[in-house]
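Positions are given from 1 along the sequence. Treat the numbers as computed from the prediction; the structure is a model and nothing was measured.
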Amino acid sequence: SDLRPPRSHAVLKGTRQGCPLSLLLFVLTLEVLNRNIREERDIKWIKIKKEEFKSQAFADDLVFILEDPQETASKLIEKIEAYGKVAGLKINKEKTKILIKNILSRQKEELVELLKIQVTNKIKYLGIYLRSRCSTLKENNYIKLYQQIVLHLVKWKNLQLILYLFQKIPVRLGKDYFEDLNKIVLKYIWRGKKVRIKLKLLQDAIIRGGFGLPNWELYYQATKLMWVKEWILWNQSKAGESVTTSSCSRFGSASEVGKQTGSWGEGELVS
C-alpha cells in the first residue's frame, strides 16, 4: 500500500451561516491558541497566593490578565497575530480595551503607544462591568441593574394609558391592533425568543392557573359595554322623565289630584 503522506488540499468553502458546527469548530481551533498562550513562560500572569490567573475565554471574547504589561503585552499580541496568520483571526483593536491597575500615567501613555489599543477605566465582559477597584462592582452592576428595573417598571405604568383611551375614545379597533400589541408584550417577556407558553394561558386568571397577563381585547370590549350601559341608563332616564311629564299634564299636580279624590290633604304630601 502507498504509505506516503497525502497531498494537502486547499479549503475553498466553510460552513454555512447559522450552522451549529461552525461554533464548535471555532472553539476547537481557538483552544489551540489559548493553550499556546497559557504555556508561554515569557508572559507574566497575575498570581494571588499560589493561584495563577491567566485568561478567560468565551467563544471569541477573550480576557488576558497580565503582570508588567509594558514587557509582556507585546509578546501576547505577537502570539495572537501569529495564530491569526494561520487561522485567519485578527484582533479588532477598536473593540479591544485595556484595564490597568497600579500604573503611572507615563506608563499608561507608553502602553497605548506600544499596543495602539485604548486604555479605559471600565470594561464590560459577558454583561458584567469591571473596574480596577473591586469595591465598585456592586455600584456598577447591582445598583445599575436596580435603576434599570425601576425605569422599566415606570414605563410599564404607561400601559394604564391604553385603558384610559379605551374608556374615553370608543372608536372601532380591529383585531390586528390587538395582535400587534400582544406581539410587542410577548417579545418583551421572552426577550425576542420563541414563545414557550400560549398567550391564552398567560392571559388567564391566576386563580385558574394563569399568569394574569392583560387581555387588551377583553378590556376593550368591556369598556364598550360600559358605554352601552351608560346609553341604556340615559335612555331610561329620558323615558322616565317623559312619562312623568305627560302624566302630570293630564291629571294636574299631585296636590290637585289629591284634592279631587279626597285621599290626602295639601299639607300631608311628603316629597
Legend entry - Linked, directly or transitively: Y188 and F178 (ILVMFWY side chains, under 4.5 Å): yes
Inset, instruction - Look at E31 together with R35 and state whether they make a salt bridge at an N to O cut-off of under 4.0 Å. - result: yes
Inset, instruction - Locate the shortest heavy-atom distance separating W234 from S237; write the atom from each residue and the value. - result: O-OG, 2.7 Å
Legend entry - Considering all heavy atoms, the nearest T72-E67 contact: OG1-O, 3.2 Å
Legend entry - Same cluster (ILVMFWY, side-chain, under 4.5 Å), V32 and I43: no
Legend entry - Candidate pair T96 and L115, rule side chain to side chain contact (heavy atoms under 4.5 Å, CB included), full reasoning: CA-CA 11 Å; T96 304; L115 303 178; over 6 Å; no
Legend entry - side chain to side chain contact (heavy atoms under 4.5 Å, CB included) against F53, all qualifying residues, sequence neighbours excluded: I48, E51, I65
Inset, instruction - Measure the spacing between OG1 of T223 and NZ of K229 and express it to the nearest 0.5 Å. - result: 13.5 Å
Legend entry - Residue pair G209 / L201: nearest heavy atoms and the distance that separates them: O-CD1, 3.8 Å
Inset, instruction - Taking atom NZ of K122 as the centre, report whether more than 12 heavy atoms of other residues, nucleotides or ligands fall under 6.0 Å from it. - result: yes
Inset, instruction - Taking all non-hydrogen atoms of both residues into account, name the closest pair between Y83 and L33 and its distance. - result: CB-CD1, 3.7 Å
Legend entry - Expected output: side-chain E139 to main-chain T136 donor-acceptor under 3.5 Å: no
Legend entry - Minimum-distance pair of heavy atoms, taken over all atoms of L111 and A73: CD1-CB, 4.5 Å
Legend entry - Salt-bridge present (E40, K75; N to O < 4.0 Å): no
Inset, instruction - Using a 4.5 Å cut-off on heavy atoms from C-beta on, say whether the side chain of I189 contacts that of L213. - result: yes
Legend entry - Single-linkage hydrophobic cluster, 4.5 Å side-chain cutoff, L137 and L99 together: yes
Inset, instruction - Look at the side chain of W216 and the backbone N and O of E179, then say whether any donor-acceptor pair between them is shorter than 3.5 Å. - result: no
Inset, instruction - Flag the pair L62 / I80 as yes when at least one side-chain heavy-atom distance between them is below 4.5 Å, and no otherwise. - result: no
Inset, instruction - Measure the shortest side-chain to side-chain distance between I162 and P214 over non-hydrogen atoms and say whether it is less than 4.5 angstrom. - result: no
Inset, instruction - Measure the CD-CD1 distance between Q107 and I100 for me, rounded to the nearest 0.5 Å. - result: 9.0 Å
Inset, instruction - Indicate yes or no: does K85 engage E81 in a salt bridge with an N to O separation below 4.0 Å. - result: no
Inset, instruction - Answer yes if the ring centres of F166 and Y219 are under 6.0 angstrom apart, and no otherwise. - result: no
Legend entry - Q221 and L218, any side-chain heavy atoms less than 4.5 Å apart: yes
Inset, instruction - Output, in order, the C-alpha distance, side-chain angles, deciding distance and verdict of salt bridge (charged side-chain N to carboxylate O under 4.0 Å, His left out) for E110 and R106. - result: CA-CA 6 Å; E110 293 176 354; R106 176 181 54 83; 3.3 Å; yes
Inset, instruction - Can you measure from CG (D204) to CG (L199) and round to the nearest 0.5 angstrom? - result: 11.0 Å
Inset, instruction - Using the rule that two of Ile, Leu, Val, Met, Phe, Trp, Tyr join whenever any of their side-chain heavy atoms come within less than 4.5 Å, decide whether I77 and V112 are in one cluster. - result: yes
Inset, instruction - Step through the shown structure and confirm whether more than 12 heavy atoms of other residues, nucleotides or ligands are within 6.0 Å of CZ on R133. - result: no
Inset, instruction - Taking N141 for its side chain and Y129 for its backbone only, find out whether a donor-acceptor pair lies under 3.5 Å. - result: yes
Legend entry - Y125 side chain to V63 backbone, donor-acceptor under 3.5 Å: no
Inset, instruction - Say whether L165 and V185 are linked into one hydrophobic cluster, either directly or through other cluster members, by side-chain heavy-atom distances under 4.5 angstrom. - result: yes
Inset, instruction - May I ask you to check whether over 12 heavy atoms, not counting those of W227, lie within 6.0 Å of atom CH2? - result: no
Legend entry - Positive for side-chain hydrogen bond (donor to acceptor under 3.5 Å, both in side chains) with Q118, one of E94, K97, K93: K97
Legend entry - Separation of I123 CD1 from I128 CD1 (nearest 0.5 Å): 11.0 Å
Inset, instruction - Only counting residues at least two apart or in another chain, list the ones meeting side-chain hydrogen bond (donor to acceptor under 3.5 Å, both in side chains) with K116. - result: E113
Legend entry - F211: partners by ring-ring contact (aromatic ring centres under 6.0 Å, His included), with sequence neighbours left out: none
Legend entry - Closest heavy-atom pair and its distance - L66, W45: CD2-CZ3, 3.5 Å
Inset, instruction - With rounding to the nearest 0.5 Å, note down the distance linking CD1 in I117 to CD1 in I98. - result: 5.0 Å
Inset, instruction - Measure the OG-CG distance between S55 and L76 for me, rounded to the nearest 0.5 Å. - result: 9.0 Å
Inset, instruction - Using the salt bridge (charged side-chain N to carboxylate O under 4.0 Å, His left out) rule, take K54 and E39 through it: C-alpha gap first, then chi angles, then the decisive distance, then the call. - result: CA-CA 10 Å; K54 299 181 178 180; E39 294 172 358; over 6 Å; no
